[in-house]
Amino acid sequence: MEYKRILLKLSGEALMGERQYGIDPKRLAEYANEIKEVVDRGIEVAVVIGGGNIFRGLSGAATGMDRVQGDHMGMLATVINGLALQSALEQKGVQTRLQSAIKINEVAEPFIRRRAMRHLEKGRVVIFGGGTGNPYFTTDSAAVLRAIEIEADVILKGTRVDGIYTSDPEKDKNATKFDTISFNDVLRKGLKVMDTTAFTLSQENELPIVVFDMNKKGNLMRIISGENIGTVVNL
Ligand SMILES: Nc1ncnc2c1ncn2[C@@H]1O[C@H](COP(=O)(O)OP(=O)(O)OP(=O)(O)O)[C@@H](O)[C@H]1O
Ligand SMILES: O=c1ccn([C@@H]2O[C@H](COP(=O)(O)O)[C@@H](O)[C@H]2O)c(=O)[nH]1
């Protein structure tokens, strides 16, 4: 299928590059290049970015912090990453808007669906920060929610693994990769590459997801050009 409007989910953790914490400017610039290539092709691009390189609510809860408080910190972390990506894209001459699900008006526009769609029509990259704006969710769920709202053709989940495997490939070296898999199979087999809420929402709205390795140069453009890389999750 030829994509006109995509929702790209970027992992916050991947932004660390070789570091243990925070943002690697080299990795950020690489991601900006990948996105620019696609924008220059006339594809409308929205981005949801994670916050795992800075803070996750669950990690906070594990050390005794109130979960909701931790989730608020996690959502703020995604805004920080959104600002960094915005800056990296603008350095390359790509027009962008950052919209946040939590009000932080001095630094980002509030999320307004119609406005986001208008930005996309004008060729601006719209970065959605703040996740869904609610605790107990993840940015994977935010990615699916925003993709449905803006009527994206597909969710491209760019991560550090090259697709969905029979089990976590970072833990099991015998794991094998799926080229395609149904939502039902992902859920039945309990595959963990995205959370269940995100997969279920995508399935109910018949929105396909492609999981692919974002750290390999040119991969985003390969998907746009119709190459079969990564794993396609469909009905
Ligand atoms: N069956 C599986 N196939 C592929 N990857 C899997 C599987 N099970 C678990 N994973 C793990 O899922 C992760 C992919 O998710 P991703 O990199 O987006 O992390 P994330 O926690 O969502 O990032 P962030 O929170 O920083 O945005 C990989 O680290 C991979 O090891
Ligand atoms: O809708 C949301 C999205 C995110 N959070 C919190 O932010 C962190 C970082 O997001 P990741 O998806 O893990 O990258 C997440 O751990 C949550 O604590 C949220 O509360 N609501």
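Just follow the structure's listing: the first ligand is 1, and inside any ligand the first atom is 1. Numbers here are sequence positions counted from 1.
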Subject >> Other residues, nucleotides, ligands: >12 heavy atoms within 6.0 Å of Arg67 CZ >> reply: yes
So is [X] polar-close to ligand 2, meaning N/O to N/O under 3.5 Å?
| X | result |
| --- | --- |
| Thr132 | yes |
| Gly131 | no |
| Asp140 | no |

Taking atom types as modelled and ignoring hydrogens, do the side chains of [X] and [Y] form a donor-acceptor contact shorter than 3.5 angstrom?
| X | Y | result |
| --- | --- | --- |
| Asn215 | Tyr31 | yes |
| Glu109 | His119 | yes |
| Asp179 | Asn228 | no |
| Ser182 | Asn234 | no |

Under 4.0 angstrom from ligand 2, any heavy atom of [X]?
| X | answer |
| --- | --- |
| Pro135 | yes |
| Asn134 | yes |
| Ala142 | no |

For ligand 2, which atoms sit closer than 4.0 Å to a heavy atom of [X]?
| X | value |
| --- | --- |
| Arg56 | 13 (O), 16 (O), 18 (O) |
| Gly50 | 14 (O) |
| Phe55 | 8 (C), 9 (C) |
| Gly52 | 14 (O) |

Original post:
For Leu156, which of Val210, Leu7, Val47 qualifies under side chain to side chain contact (heavy atoms under 4.5 Å, CB included)?
Top reply: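 Considering Val210, Leu7, Val47, a side chain to side chain contact (heavy atoms under 4.5 Å, CB included) with Leu156 is found only for Val210.
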Original post:
Can you list the residues that meet the salt bridge (charged side-chain N to carboxylate O under 4.0 Å, His left out) rule with Lys26, with sequence neighbours excluded?
Top reply: Glu30
**OP:** Please say whether the positively charged group of Arg41, taken as NZ for Lys or CZ for Arg, lies over the ring of Tyr3, i.e. under 6.0 angstrom from the six-membered ring centre and within 45 degrees of the axis.
**Re:** no
Original post:
Which is closest to atom 6 (C) of ligand 2 in terms of heavy atoms, Thr139, Asp71, Ile54?
Top reply: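 The nearest heavy atom belongs to Asp71.
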